[in-house]
Amino acid sequence: MGVCDNLKKVLENIDEVSSNCGRKGKVKLLAVSKFHPIEKIEQAILAGQKLFGENRVQEAYDKFSILKVKYPEIELHIIGHLQTNKVNKALTVCDCIESVDSIKLLNEINKCCEKTGRTVNVLLEFHTGEESKTGFLSEEEVFEALSYIKTNCPSVLPLGFMTMAPNTDNLNQIRNSFKKLCLLKENAQKKFPFWDFTELSMGMSGDYQTAIEEGSTMVRIGTAIFGEREY
Ligand SMILES: *Cc1c(COP(=O)(O)O)cnc(C)c1O
């Protein structure tokens, strides 16, 4: 099947699962286009998809600096680990950084934004599964980062949280990982009423149904839309 048919099927699926758990219309689709060529991304755009995710800055820049000129309505999120020396380049093409995982990175993002006078949306990545290697490791660390943003990063706007569930067939483990992120959001909201945390970015091709049931507001789906990646 082509990108257009896959996209339609995924959207129908999201609609069905979210309706079944009383969350219809609450879940956005982020199409993860890493390792796929511009032509395939264009097929998705022409089929109506506006929100995209990439995990490597150079690749994101090469593809989306072109695509965004042609299709100004599209939005790009960086979802992979971001090194501080790539922040400037990332900010030239992206609308949101979902993979913020250190205070050092926050500091750099704020510095780069201040130079150009822009504000950027971010999500804080939380480590909820044994297998993932990135993300803040504890709730305390996340709270520290939020306090840091509040006092030191006026150009950074935290919209919520992101996680990757462990890569396993154990559905309980996967569900627990999503529950942890949901709980983190509730606790953070109580502690920082100053912000409105609206986003829970969780769920990928293999586990997005479960993520939606646990409160995901944004599923990040690559393979089910664009097919297998050739690394
Ligand atoms: C690649 C990637 C995805 C998409 O994974 P699929 O299994 O292809 O849907 C989602 N989130 C992150 C952070 C990724 O790196």
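Just so you know, ligand 1 is whichever comes first in the structure, and atom 1 is the first atom listed for that ligand.
To the nearest 0.5 Å, atom CD1 of residue Ile174 and atom CD of residue Glu214 are 11.5 Å apart.
Shortest contact from atom 5 (O) of ligand 1 to any protein heavy atom: Met204 CE, 3.4 Å. Of all protein heavy atoms, the one closest to atom 12 (C) of ligand 1 is Ile79 CD1, 3.5 Å. Of the protein's heavy atoms, Arg220 NE, 2.9 Å lies nearest to atom 11 (N) of ligand 1.
Ligand 1 is approached by Arg229 to a heavy-atom distance shorter than 4.0 Å.
Checked against Lys63 for a salt bridge (charged side-chain N to carboxylate O under 4.0 Å, His left out), the options Glu39, Glu54, Glu42 give a single hit: Glu54. Val17 pairs with exactly one of Ile212, Val27, Thr210 by the side chain to side chain contact (heavy atoms under 4.5 Å, CB included) rule, that one being Ile212.
Geometrically, Arg56 engages Phe35 in a cation-pi contact, judged by NZ or CZ lying under 6.0 Å from the ring centre and within 45° of the ring axis. Relative to the ring axis of Phe197, Lys185 does not place its NZ or CZ within 45° and under 6.0 Å from the centre.
Only the side chain of Lys34 comes within 4.0 Å of ligand 1, judged by heavy-atom distances.
Every residue two or more places apart in sequence or in another chain that forms a side-chain contact (heavy atoms from CB on, under 4.5 Å) with Glu73 is listed here: Ile45, Lys50, Tyr71.
Ligand-side atoms of ligand 1 in range of Met164: 13 (C), range being under 4.0 angstrom from any heavy atom. Interface atoms of ligand 1 facing Gly222, defined by a heavy-atom separation under 4.0 Å, are 4 (C), 6 (P), 8 (O), 9 (O). Heavy-atom proximity to Thr223, at under 4.0 Å, picks out these atoms of ligand 1: 6 (P), 7 (O), 8 (O), 9 (O). Distances below 4.0 Å separate heavy atoms of Ser205 from the following atoms of ligand 1: 6 (P), 7 (O), 8 (O), 9 (O). Those atoms of ligand 1 that come under 4.0 Å of a heavy atom in Ile221, given as number and element, are 9 (O).
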Can you give each donor-acceptor pair under 3.5 Å made by side-chain atoms of residues 148-155, sequence neighbours left out, with the distance rounded to 0.1 Å?
| from | atom 1 | to | atom 2 | distance (Å) |
| --- | --- | --- | --- | --- |
| Tyr148 | OH | Asn107 | OD1 | 3.0 |
| Thr151 | OG1 | Ser147 | O | 2.8 |
| Asn152 | ND2 | Tyr148 | O | 3.3 |

